[in-house]
Asker: 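Below is a structure I'd like to ask you about.
Convention: sequence-line order gives letters A, B, ...; per-chain numbering from 1.
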Number of protein chains: 2
Amino acid sequence: MNQRLKSMAENRAKLISAARKAFAEKGYAASSMDDLTADVGLTRGALYHNFGDKRGLLAAVVEQIDLEMAAHAQRARAKAGDGWQGLLAEGAAYIELALDPEVQRIVLLDGPAVLGDPSQWPSQSSCLESTKLIVERLIAEGTLKQIDAEAAARLLNGAALNAALWVAASAAPQNVLPKALAAFSALATGLLK
Amino acid sequence: MNQRLKSMAENRAKLISAARKAFAEKGYAASSMDDLTADVGLTRGALYHNFGDKRGLLAAVVEQIDLEMAAHAQRARAKAGDGWQGLLAEGAAYIELALDPEVQRIVLLDGPAVLGDPSQWPSQSSCLESTKLIVERLIAEGTLKQIDAEAAARLLNGAALNAALWVAASAAPQNVLPKALAAFSALATGLLK
DNA sequence: TAATTTAATATACACATCGTATGTATGGTA
DNA sequence: TACCATACATACGATGTGTATATTAAATTA
């Protein structure tokens with residue numbers, strides 16, 4: 001029963017999937033909703049019914065990618081433990097993630113421009129949240145200086161993000177990546193007590 | 001003589017000025033070129049002749065603001081000297097600059113989304129360049145660790161940028177700003193030898 | 001100074017795209 | 001089976017960009 005809900009969920013998934021591809025390849029502004037919906041055998045009627053408007057579709061796409069990013073960071077931290085090494089591992093994971101063109105274009109460039117400051121997003125920028133949790137724990141342990149946890153998390157993420165944009169835009173990413181990771185580690189040690 | 005060049009320069013200036021206001025208030029995408037040009041008594045004919053297209057106008061606006069930002073950072077550094085304190089002062093200046101809604105919307109949000117990675121811009125993101133110069137000097141002095149100067153400059157700027165976005169989006173910026181500055185200083189000390 | 005050329009800007013048009021208002025058809029329900 | 005709700009399609013209007021053509025004013029030359 002409830003075949004309608006099922007097919008609606010399928011159509012939502014199809015549209016999000018098509019939007020991911022279109023937004024990543026052409027950018028948000030240059031993506032036509034007519035083309036995008038036609039690609040999956042629908043029309044804009046389905047789109048506006050499900051997502052309200054073009055921005056709503058972008059928001060749904062961003063949320064999906066954001067959750068995937070959080071899962072990736074979670075795995076990286078799990079490998080490295082919950083301590084100082086975990087924090088560094090998460091930063092490195094974040095830098096790696098931002099090398100993905102899909103993440104760059106959709107989450108890092110068009111997302112903020114169209115949806116506004118990431119910290120205000122419903123998905124709450126999961127990466128930011130998890131970084132903040134680690135920082136809080138390390139402060140409580142006495143590993144880190146007594147510093148505002150959110151501030152530290154935001155700056156760390158910002159540094160990692162810019163590092164990733166730099167690496168990705170460079171001519172030889174494989175040569176630049178180690179430099180970025182080294183600089184990130186150095187900066188992070190500034191938080192140690 | 002050459003009154004034509006003069007009036008053309010005046011028109012360019014008018015258009016850039018109107019664009020600064022429109023882009024800052026409505027964002028790039030929502031700014032109509034018809035409205036914008038009409039505001040200064042011109043039509044889109046002048047615009048397309050001078051700037052090629054809408055992106056060209058944004059590029060011109062970004063370049064102008066970027067130069068102003070560089071001048072501001074220069075002054076802040078001059079006050080604090082050329083050493084370690086100068087680097088911190090420049091970071092603080094950058095955070096302050098990014099609190100300006102015009103800078104946020106145009107240079108930090110729409111700029112990267114429409115024009116691509118800032119380091120590829122003709123203006124070369126002057127702030128980044130000056131930070132890099134200081135870092136190089138401090139490394140040569142032995143004050144900072146042997147680290148890639150561009151990497152360090154990029155991460156510092158990225159951290160400052162995110163700090164500013166956070167502060168600006170917060171409910172009580174005046175309470176949050178000190179936290180951001182403290183976290184920035186802490187991070188930066190990680191670069192010290 | 002008058003004629004001619006050049007170029008900066010205005011005007012008009014073609015095309016694309018978004019959002020909405022209305023229509024339709026199918027799954028759920030009494 | 002008849003009815004209703006709703007997911008989606010279709011049709012339309014408005015807006016906005018870029019371009020091609022026209023116009024006007026400055027610069028140049030004879």
Asker: Could you check Val62(B), Leu15(B), Ile65(B) and say which one makes a side-chain contact (heavy atoms from CB on, under 4.5 Å) with Arg20(B)?
Answerer: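 Single pass found, and it is Ile65(B).
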Asker: What's the spacing between Ile139(B) CD1 and Asp148(B) CG if we round to 0.5 Å?
Answerer: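 Interatomic distance, Ile139(B) CD1 to Asp148(B) CG, rounded to 0.5 Å: 7.5 Å.
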Asker: Please state whether the phosphate of dA8(C), meaning OP1 or OP2, lies under 4.0 angstrom from any side-chain nitrogen or oxygen of Asn50(B).
Answerer: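 No.
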Asker: In whole angstrom, what separates Asp35(B)'s CG from dA14(D)'s P?
Answerer: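 In whole Å, dA14(D) P and Asp35(B) CG are 16 Å from each other.
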Asker: Under 4.5 Å between any side-chain heavy atoms of Val107(A) and Trp121(A), yes or no?
Answerer: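 Sidechains of Trp121(A) and Val107(A): in contact.
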Asker: Checking all strands, does Thr43(B) fall into the base, sugar-phosphate, or nothing category for heavy-atom contacts under 4.0 angstrom?
Answerer: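 Since a base atom lies under 4.0 Å of Thr43(B), the category is base.
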Asker: Identify, between Leu47(B) and Gly52(A), the residue whose nearest nucleotide on DNA chain C lies closer to the 5' end.
Answerer: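 Mapping each residue to its closest nucleotide by heavy atoms, the 5'-most match is Leu47(B).
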Asker: Do the charged groups of Asp35(A) and Lys21(A) touch, with an N to O distance under 4.0 Å?
Answerer: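 Salt bridge between Asp35(A) and Lys21(A), a charged N being under 4.0 Å from a carboxylate O: no.
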Asker: Checking all strands, does Thr37(B) fall into the base, sugar-phosphate, or nothing category for heavy-atom contacts under 4.0 angstrom?
Answerer: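 Since no nucleic acid heavy atom lies under 4.0 Å of Thr37(B), the category is nothing.
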Asker: Rounded to whole angstrom units, what separation is found between the CE atom of Met8(B) and the P atom of dA25(D)?
Answerer: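 It is 17 Å, rounded to the nearest whole Å.
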Asker: Please step through side chain to side chain contact (heavy atoms under 4.5 Å, CB included) for the pair Lys145(A) and Leu191(A), ending with a clear verdict.
Answerer: CA-CA 6 Å; Lys145(A) 293 171 184 165; Leu191(A) 298 178; 5.9 Å; no
Asker: Can you check the Arg44(B) CZ to dC13(C) C1' distance for me, whole Å?
Answerer: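 Taking CZ of Arg44(B) and C1' of dC13(C), I get 10 Å after rounding.
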Asker: Is there a side-chain contact between Tyr94(A) and Leu156(A) (heavy atoms, below 4.5 Å)?
Answerer: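 Sidechains of Leu156(A) and Tyr94(A): no contact.
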Asker: Nearest-nucleotide wise, let me know which of Gly45(A) and His49(B) is further upstream toward the 5' end of DNA chain C.
Answerer: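 In this pair, the answer is His49(B).
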Asker: Under 4.0 angstrom, heavy atoms only, what part of the nucleic acid is Gly56(A) near: base, sugar-phosphate, or nothing?
Answerer: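 Result for Gly56(A) = nothing.
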Asker: Check Asp117(B) with Arg105(A), please: is the shortest side-chain N to carboxylate O separation under 4.0 Å?
Answerer: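 Looking at Asp117(B) together with Arg105(A), the answer is no, because their closest N to O distance does not fall below 4.0 Å.
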Asker: At a heavy-atom distance below 4.0 Å, what parts of residues 22-30 of chain A sit against DNA chain D?
Answerer: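 Output list: empty, so none.
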Asker: Of all the choices, dA10(C), dC8(D), dT17(D), which nucleotide is nearest to the side chain of Leu42(B) once you look at every atom?
Answerer: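 Closest of the options to the side chain of Leu42(B): dA10(C).
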Asker: Using whole Å, what does the distance between atom C1' of nucleotide dT17(C) and atom CZ of Arg55(A) come to?
Answerer: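 So the CZ-C1' distance, Arg55(A) to dT17(C), works out to 17 Å.
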Asker: I need the CG-P distance between Asn11(B) and dT9(C), as an integer number of Å.
Answerer: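 To the nearest whole Å, that distance equals 5 Å.
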Asker: Nearest to the side chain of Asp53(B), which nucleotide is it out of dT17(D), dC18(C), dG18(D)?
Answerer: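 From the listed options, dG18(D) comes nearest.
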Asker: As a test of reading the structure: which of dC8(D), dA12(C), dT17(C) is closest to the side chain of Ser7(A), going by heavy atoms?
Answerer: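 Out of dC8(D), dA12(C), dT17(C), the nucleotide with an atom closest to Ser7(A)'s side chain is dC8(D).
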Asker: Taking the side chain of Ala46(B) as its heavy atoms from C-beta onward, which of dT17(D), dT9(C), dC18(C) lies nearest to it?
Answerer: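 Taking heavy atoms from C-beta onward, the closest nucleotide is dT9(C).
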